[in-house]
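Here is the structure we will look at.
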There are 2 protein chains.
Amino acid sequence: MEALPTNEGDPGSTSSSTSGAEAAAEPHTVTIYDVARAAGVGIATVSRALRGSAPVADATRAKILRVVDELGFRPSHLGTSLAEKRHAAAGIVFPDLSGPYYAEVVMGHEEAASRLGRSVLIQGTNGRTDPIAAARDLAGRVDGLVVLGRTVPDALVEEILAQGVPVVLLARPSVGNADSLRVDNLTAARALGEHLGTHHFAQVRFLGSPDSSHDVAERWAGIFQGLARSATRLDLTPCNLDEESGTRVARAVLAGPDRPDALVCANDEIALGAIVAAEEAGLTVGVDIAITGWDDIMAARHARPGLTTVRQPMRLLGAHAAEVLDERISRTRTTPRHEILPAELVVRSSCGSHPQGDRR
Amino acid sequence: MEALPTNEGDPGSTSSSTSGAEAAAEPHTVTIYDVARAAGVGIATVSRALRGSAPVADATRAKILRVVDELGFRPSHLGTSLAEKRHAAAGIVFPDLSGPYYAEVVMGHEEAASRLGRSVLIQGTNGRTDPIAAARDLAGRVDGLVVLGRTVPDALVEEILAQGVPVVLLARPSVGNADSLRVDNLTAARALGEHLGTHHFAQVRFLGSPDSSHDVAERWAGIFQGLARSATRLDLTPCNLDEESGTRVARAVLAGPDRPDALVCANDEIALGAIVAAEEAGLTVGVDIAITGWDDIMAARHARPGLTTVRQPMRLLGAHAAEVLDERISRTRTTPRHEILPAELVVRSSCGSHPQGDRR
DNA sequence: TGATCATATGGAAGCGCTTCCCACCAATGA
DNA sequence: TCATTGGTGGGAAGCGCTTCCATATGATCA
């Protein structure tokens, strides 16, 4: 009954054959045990030598490093993470839309997170049958999570926070003690509204759905405020945030009665789609009708006429989220942080202006 | 000496206090042991009940599920992965450029991989001080890797393959027994060259660096072949793949002697940058000078004049990579697969044509 | 010269899970 | 009635690592 966990006696023991035969069967990953054996030391010493967590005699370290090199040992991330109880990874969840906005934020995040020594897991809710489950799963694989927009319901954010996983909310009101990062849509929208006011349009139409997104709601509110002093009439037509919807909705708006002088679109994709519709209708954008967007994506700059829009610091938003998250993960900070980044009005010709820089 | 691994006697035992006190200290993650204890069964049974890997009596299963729900148990990914020896994740490495092309491929990959039940880790080589180390690290965290372009040297690809991690190469010649996916640049470039031939330009200039990327090399070769039958002279000026370089290089080319009639650019960003330079020089694109791009990014479609380009199935490329990788990871296939996806010439007005669909 | 101490190192527990192996029990067949 | 069988379920090993604890070895101090 002295059968201790060591392999011995028991003929069925699998581990006893490990060191002997089996060479050709599998690539057999090199483990820390292999290194320890080859270097004639204990695994603890190997670990210490490799990570410098405790002093190791120079000679010993040198020998270990040599063996590591010879055997091509690479510590298993899983083993390390399990022992350390951390993933060294952050996750980012973004919504259905596959436009440039989200891509830019994600890329900006990756760059910054990578610099902070953290891998990045991405999770789009695009086409996922169960985005909730996907997000919950992701939360279990990372040390912190960035959530864009309304992808994840408040309850799930709370649940994830309760699990001890810090969350940074982007472009969305804060939940619990999650951090939040937003762009000052209101101020920029007000500026855009005021600018449009100087054009003395009779009728402005906002294309977008304020109740679909916090950002859009702010934009709508800001435009409203910015136009308040002018005699301009302002209406709203709901529209999804993609180009095709923009074309379709604009087409209907332009064909309907009471044709507006200006289309203020909730984002650039709608605006670019609206430009297509306007041209179809024989209108010259910037002359017969003004069209503005939001985000300043690449295509906005290259469209003709150049699209008047509001530039959002998309990459910065993603990058900053990584930093804010890092403070939480490293417990440098424990109280929530809420930041609002400025946005910048970019006037080009599509609204009827003729700015210096804009070609044509 | 009967001290088995169970907690008992030993006063320093930490695990003995686990069930009793300590409630408020830490969130204390619920483990499979907690569930087993609460349900009055062994952990093996809990595992079986949850994953259905072996039959469990209905009553037992029901009880376990109830307890799981009450305790809010979520299996640790780390524990599971370590035991299963798999990550349930794929990685994708992309190069420095942060343009829409890579973003699209990455997003397309995420969507497909997600559908296959695999999380996606992304790794840009942008700004990384040691992209090699980053890629190697990534390879240790995934079950399979997608590599875009020349980001990772051949030797490292071999090393990763040797570790047993399948690799899919995108837009790059195959290495070892890695799978590869490419777009048929040659055929499309030839078609573009031939199309340009019909315009009877005297002099065409290719902006791009064939030795920097396999894709660009193929484009250059195809253009050359496509123009071979015409009397057109073809030259090359090296150029990086970003917009700013496009503007700068085009500016120089247009100001220099021997001004070409057409600029064939290695990608859309260069072309869009070149359009800026051409307009600066007072030239009307599509009339005084032809400019073409490659990729058909969103901005190409919205530029005026519309940019003649070659449409690459970017999202499809990323998505298909996920599927090809999946076959390798699941060992459905063990021999390399090399595929070439078709690209499509998209003629708009920037080359001097006046296609039907193109507005203006 | 014996006691003390810092340093270097090994053993082993533990991170949370899966699964092999075996024991148990009730029902079945002889 | 006893042995076989199939259905359940528990124990424990093992995945690869980190780190606590204990020990051994010289070096240092009185």
Side-chain angles (χ1 to χ4, degrees), chain A residues 3-8 10-18 26 28-37 39-64 68 71 73-88 140-141, chain B residues 3-7 10-16 18 26 28-37 39-61 63-64 68 73-88 140-141:
Chain A
L4 296 177
T6 29
N7 48 312
E8 188 208 345
D10 182 20
S13 169
T14 50
S15 55
S16 61
S17 64
T18 303
E26 275 271 313
H28 179 58
T29 330
V30 180
T31 73
I32 199 172
Y33 286 91
D34 302 319
V35 175
R37 195 177 317 131
V41 300
I43 57 164
T45 305
V46 175
S47 178
R48 284 189 284 248
L50 256 34
R51 56 194 356 243
S53 51
V56 170
D58 288 344
T60 314
R61 185 200 327 286
K63 175 151 202 182
I64 289 174
V68 162
L71 267 50
F73 169 68
R74 309 231 159 264
S76 148
H77 250 292
L78 288 173
T80 307
S81 289
L82 187 59
E84 286 184 340
K85 293 187 162 193
R86 59 179 219 112
H87 301 265
R141 320 178 63 128
Chain B
L4 296 175
T6 28
N7 48 312
D10 181 18
S13 168
T14 50
S15 53
S16 60
T18 304
E26 275 270 313
H28 179 60
T29 328
V30 180
T31 74
I32 200 172
Y33 285 91
D34 301 318
V35 175
R37 195 177 316 130
V41 300
I43 57 165
T45 306
V46 175
S47 177
R48 285 190 283 248
L50 256 33
R51 54 191 1 237
S53 52
V56 171
D58 287 344
T60 314
R61 185 201 328 284
K63 175 150 201 181
I64 289 174
V68 162
F73 170 65
R74 309 228 160 267
S76 148
H77 250 291
L78 250 25
T80 308
S81 289
L82 186 59
E84 284 184 341
K85 293 185 163 197
R86 61 180 217 112
H87 301 264
R141 324 179 60 127

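Every chain is numbered from 1, with letters handed out A, B, ... down the list of sequences.
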Donor-acceptor under 3.5 Å ([X] side chain, [Y] main chain):
X	Y	value
B:Thr45	B:Val41	no
A:Ser47	A:Ile43	no
B:Thr60	B:Val56	no

What's the [atom1]-[atom2] distance between [X] and [N], to the nearest Å?
X	N	atom1	atom2	value
A:Leu50	D:dT19	CG	C1'	15 Å
A:Arg37	C:dG10	CZ	C1'	15 Å
B:Arg86	C:dT19	CZ	P	10 Å
B:His87	D:dC15	NE2	C1'	12 Å

Fill in: Closest approach of A:Leu50 to A:Phe73 (non-hydrogen atoms, all atoms of both residues)
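Here A:Leu50 and A:Phe73 meet closest at CD2-CE2, 3.5 Å.
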Worksheet item: Nearest heavy-atom pair of B:Ala36 and B:Gly42: which atoms, and what distance?
Response: CB-C, 3.8 Å
Polar atom pairs (N or O), protein with nucleotides 16-18 of chain D, under 3.5 Å:
from	atom 1	to	atom 2	distance (Å)
D:dG16	N2	A:Gly79	O	3.3
D:dC17	OP1	A:Ser76	N	2.7
D:dC17	OP2	A:Ile32	N	2.6
D:dC17	O3'	A:Thr80	OG1	3.3
D:dC17	N4	A:Tyr33	OH	3.1
D:dT18	OP1	A:Arg51	NE	2.8
D:dT18	OP1	A:Arg51	NH2	3.4
D:dT18	OP2	A:Ser47	OG	2.6

Discussion item. I'd like to check the side-chain hydrogen bond (donor to acceptor under 3.5 Å, both in side chains) partners of B:His87; sequence neighbours left out, ordered by chain and number.
Written reply: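 Applying side-chain hydrogen bond (donor to acceptor under 3.5 Å, both in side chains) to B:His87 gives none.
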Worksheet item: Taking the side chain of B:Val41 as its heavy atoms from C-beta onward, which of D:dG10, C:dA8, D:dG9 lies nearest to it?
Response: D:dG10
Worksheet entry | Residue B:Thr45, side-chain heavy atoms: nucleotide from C:dG10, D:dG10, D:dT19 that is nearest | D:dG10
Worksheet item: Which part of the nucleic acid, if any, lies within reach of A:Gly140 when heavy atoms closer than 4.0 Å are counted: base, sugar-phosphate only, or nothing?
Response: nothing
Item to complete: Please work out if B:Ser81 contacts a base, only the sugar-phosphate, or nothing of the nucleic acid, heavy-atom cut-off 4.0 Å.
Response: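 Contact class for B:Ser81: none.
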